[in-house]
Amino acid sequence: MDILTTLNSAQREAAETISGPLLILAGPGSGKTRVITHRIAYLIRVCGISPRRIMAVTFTNKAAREMEERLKKLTSGFVRELTIGTFHAICVRILRQDGGLIGINPRFVIYDREDQLSLVKTAIKEAGFDPKQYAPSVIISVISNAKSQVISTQAFIKKGSSHFEEVVGRVYEKYQRLLEQNNALDFDDLLMKTVQLFDEQPEVLDRYRKKYQHIMVDEFQDTNLVQYKLVKQLAGGYRNICVVGDPDQSIYSWRSADLRNILSFEKDYPEAKIVLLEQNYRSTKAILETASSIISANQDRKPTKLWTENEQGELITVVETYTQQEEAQYVVSEIERLLERDEVKLAEFAVMYRTNAQSRALEEAFIRYGTPYKLVAGTRFYERREVKDVIAYLRFIHNQQDSISLLRIINIPQRGIGERTLSQLKNWANSLRVSLYQALQLMANTEGDKKPPFNHRIIKVLSGFYEIIEELVAGNQKMSLVGLFDLLIKKTGYKEYLLSMIDGEERWENVLELRTVARQYDNLAPFEGLATFLEGVTLVSDVDSYDESVGAVTLITLHQAKGLEFPVVFIVGLEEGILPHIKSFDDPAQMEEERRLCYVGVTRAKKRVYLLHAFRRNLMGSSTTNSPSRFLDDIPPQLVAGGYSGLGEESQIRDKSAFWESDIPVVSMDIPELKVGDRVLHSQFGKGMVVSYHQLEGDGEVVVAFPGVGVKKLLLSFARLEKVD
DNA sequence: CGAAAGGCTCTTTTT
DNA sequence: GAGCCTTTCG
């Protein structure tokens, strides 16, 4: 019983309700995660339910990991057999295990957005259309939407009414056939095929139903129809299904998430108990009131009664700057100001924005001030070319039907296999009705008039590639993953290839980082290691690698910020056209989602909120002027420092502009000559060593490793580095 | 065949 | 401003 003593009465009720359907409507900061973890701990420790009979679905892998950590503490250990993960991760496991029954080869690879794009392009062409006339990305999103609602190709074609739908229908059909030929599934397939598996194989479903006595789903407001169906299938036996969500935080409708799932839940489970978590433990009264005033302007919602016992707290700061550069500069100088007052640490700040492009101006300001920051989406490690190349090799070694990977790697590093060679190979493979790789196999293993009609040079280069792959495939039978990795680099000459490039060093380091990731799978059996590794690298998201313990300011999109919290939050770009985004202007439902996005941002904050907007902003080269976001109008002036109520037509900021400029440190002092390996002294970070050095006009950009502090990118003119011996 | 240069189009958010 | 595609030249 002691497990639940730290919970308030509503939380406790939610945690104690273990049988039957349960809907928890949890406002921001209401201890939702606590309730879920404590509920699971209660099931295990008090009710004696085996962890193996519990499934918990989270929104990100990171959330799953954290929940597991917390549970380890609460249950003193034995959570290993718990099924916990995202819908996608859980479905992959199910399909590898049982997908064979609906014709899925367990060696399938998962196609990401980029792979999808090239496959859809092929599909469009094969269906006899022009990819320039029908944007592949649009077609992908229509197909994805269909899959999210478990609409098969046949069903799609049947219901298609417009000409466009007919086109998509035919492309959809081709696309699915291509996926099959490549033995690949896209993200949506992982979910849709699992639902199909359960539909078509009742005895398999029955096995899973019997296994999972308790199912919990977090972030339920952001589930789509296929996920809802899946939950419904699995919970069909015991009906012990607990879903947790907040309609006001639904921000993924563009990914086919459907708020109506909450209504469906109440309808499908009329006996469901509903628990409201309304006490907020996170934010000050001022912040909560600001958030409420923003969200209450939405028409299509039920009113809520969020409250907090926390103090009133600081007023909200609303700032208009002239440009986005000044906006960024304000953020950094304000952070530096608060840091000096010693109340807050670097990691306690977050800067949030609507679009990734906005991070650039921020980054530049952080670099200029030498203020450490971490960009959550920034690097997109797994989308880097060199990382994708190596993964494509590994993927192809795992599954030689994967022609998308084959086409990616066949001429990297350059082997003289160009477009013409490739089209000859394709034609020959098509005429024999075999895959590209089977064609290579035939070419290498047949003699006489069975030989392909290629000239000598082409046969030679293609054979060269084929032999490398064969050797690697053989290696995968007996080597550890890292062993295979190293063999791959050696046989392909990939390291030399990278190092011959201008930014080769950095790229090679990324490959080494990927190798470090691979090491985690090294203790698995040869074949298993590669399979698990590939699964892991395709299903990771940017937030998954986000580490809050790093001492740096967080730069993050509003979408990614969901579920996180920070003492101080800056939201930038509160402008008409940005937040709310221009794409939502003609659709009231989308506009409401923009508002929820703003609400999510504000409710991340514990102590202080800054809302910024710029008068002038550069978008795609040209400069635009935006008026302040309509969301700002909904904040009562008494909550805003200085009683902001819109600056009106005559923006005062133009006069202030000079003030901001004077705040920029002036380049005047001597700039030390530095080179890699030099030791330097920084007034704040102490002693460090120069890791890289870039000469700029009248300045220099250095990356310095400060022991115990971390790696920092600095501009010499601002960082005031001193060279030491 | 491949590197380099020039011209085009878009930009929301992502498992 | 960048990424993608096409064209051109070696």
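Labels below follow one simple rule: chain letters A, B, ... track the order of the sequence lines, proteins then strands, and each chain is numbered from 1.
Look at Asp222(A) and Lys562(A) and you find a salt bridge, because one of the NZ, NE, NH1 or NH2 atoms lies within 4.0 Å of a carboxylate O, short of that distance. A salt bridge does not link Arg65(A) to Glu69(A): none of the charged nitrogens lies less than 4.0 Å from a carboxylate oxygen.
Each of Arg255(A) and Gly416(A) lies near DNA chain B, and the nucleotide nearest Gly416(A) is the one positioned closer to the 5' end. If Val540(A) and Ile417(A) are placed on DNA chain B by their nearest nucleotide, the residue sitting closer to the 5' end is Ile417(A).
Within the 4.0 angstrom heavy-atom criterion, no nucleotide atom of any strand lies near Glu219(A). If you check every strand for non-hydrogen atoms under 4.0 Å, Asn411(A) touches sugar and phosphate atoms only. Among the heavy atoms of the strands lying under 4.0 Å from Thr421(A) are primed sugar atoms or P, OP1, OP2 only; no base atom is included. Note on Arg457(A): only backbone sugar-phosphate atoms sit closer than 4.0 angstrom, heavy atoms only; bases stay farther off. Lys62(A) comes within 4.0 angstrom of nothing in the nucleic acid, heavy atoms only.
At least one side-chain nitrogen or oxygen of Lys121(A) sits closer than 4.0 Å to the OP1 or OP2 atom of dC5(C). The shortest distance between the side-chain N/O atoms of Arg113(A) and the OP1/OP2 oxygens of dT15(B) is not below 4.0 Å. For the pair Asn61(A) and dT15(B), the criterion of a side-chain N or O lying under 4.0 Å from OP1 or OP2 is not met. Between Thr557(A) and the phosphate of dT14(B), there is a side-chain N or O to OP1/OP2 separation shorter than 4.0 Å.
Pairing for dG3(C) is with dC8(B), a Watson-Crick or G-U wobble pair whose two hydrogen-bonding atom distances lie under 3.5 Å.
In this entry the distance linking CG of Asp544(A) with P of dT15(B) reads 7 Å, nearest Å. One atom, CG of Asp222(A), and another, P of dT13(B), lie 16 Å apart when rounded to the nearest Å. Straight-line distance from the CG atom of Asn455(A) to the C1' atom of dC1(B): 13 Å, rounded to whole Å. Taking atom CD of residue Gln325(A) and atom C1' of nucleotide dG1(C), one finds them 13 Å apart after rounding to whole Å. Look at CD1 on Ile412(A): it is 13 Å from C1' on dG2(B), rounded to the nearest Å. Straight-line distance from the CD atom of Gln324(A) to the C1' atom of dG1(C): 12 Å, rounded to whole Å. Rounded to an integer number of Å, the gap from Arg617(A) CZ to dG1(C) P is 15 Å. The CG-C1' distance, from Leu619(A) to dA2(C), rounds to 14 Å in whole Å.
Side chains of Gln221(A) and Glu219(A): a donor-acceptor N/O pair is present below 3.5 angstrom, by distance only.
The side chain of Asn356(A) approaches dT13(B) more closely than any other nucleotide in the set dA2(C), dT13(B), dT15(B). Side chain of Val543(A), nearest nucleotide from dC1(B), dT6(C), dT15(B): dT15(B). Distances from the side chain of Arg360(A) to the nucleotides dT15(B), dA2(C), dT14(B) place dA2(C) closest. The side chain of His559(A) lies closest to dT13(B), out of dT15(B), dT13(B), dC1(B).
Contacts classified as salt bridge (charged side-chain N to carboxylate O under 4.0 Å, His left out) and involving residues 455-467 of chain A (residues at least two apart or in different chains) are not found.
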Pair Tyr353(A)-Phe570(A), ring pair (Phe, Tyr, Trp, His ring centres under 6.0 Å): steps then yes or no: CA-CA 9 Å; Tyr353(A) 36 85; Phe570(A) 295 82; over 10 Å; no
Run the side chain to side chain donor-acceptor pair (under 3.5 Å) test on Gln358(A) and Thr355(A) for me, step by step, so that the C-alpha distance in whole Å, both residues' side-chain angles and the decisive distance to 0.1 Å come before the verdict. CA-CA 6 Å; Gln358(A) 290 170 261; Thr355(A) 66; 3.1 Å; yes
Between the protein and nucleotides 3-10 of chain B, which nitrogen or oxygen pairs are less than 3.5 angstrom apart?
from   : atom 1 : to        : atom 2 : distance (Å)
dA3(B) : OP1    : Gln414(A) : NE2    : 3.0
dA3(B) : OP2    : Gln414(A) : NE2    : 3.3

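A stacking contact links Trp254(A) to dT13(B): the aromatic ring centre lies within less than 5.5 Å of the base's six-membered ring centre, and the planes differ by less than 30°.
In this structure, Arg96(A) is positioned above the aromatic face of Phe108(A), its NZ or CZ under 6.0 Å from the six-membered ring centre and within 45° of the axis.
The ring of Tyr494(A) has its center no closer than 6.0 angstrom to the ring center of Trp508(A).
On the C1' atoms, dT13(B) is 22 Å away from dC4(C), given to the nearest whole Å.
Considering only residues two or more places apart in sequence or on other chains, Arg616(A) meets the side-chain contact (heavy atoms from CB on, under 4.5 Å) condition with Tyr322(A), Ser623(A), Thr625(A).
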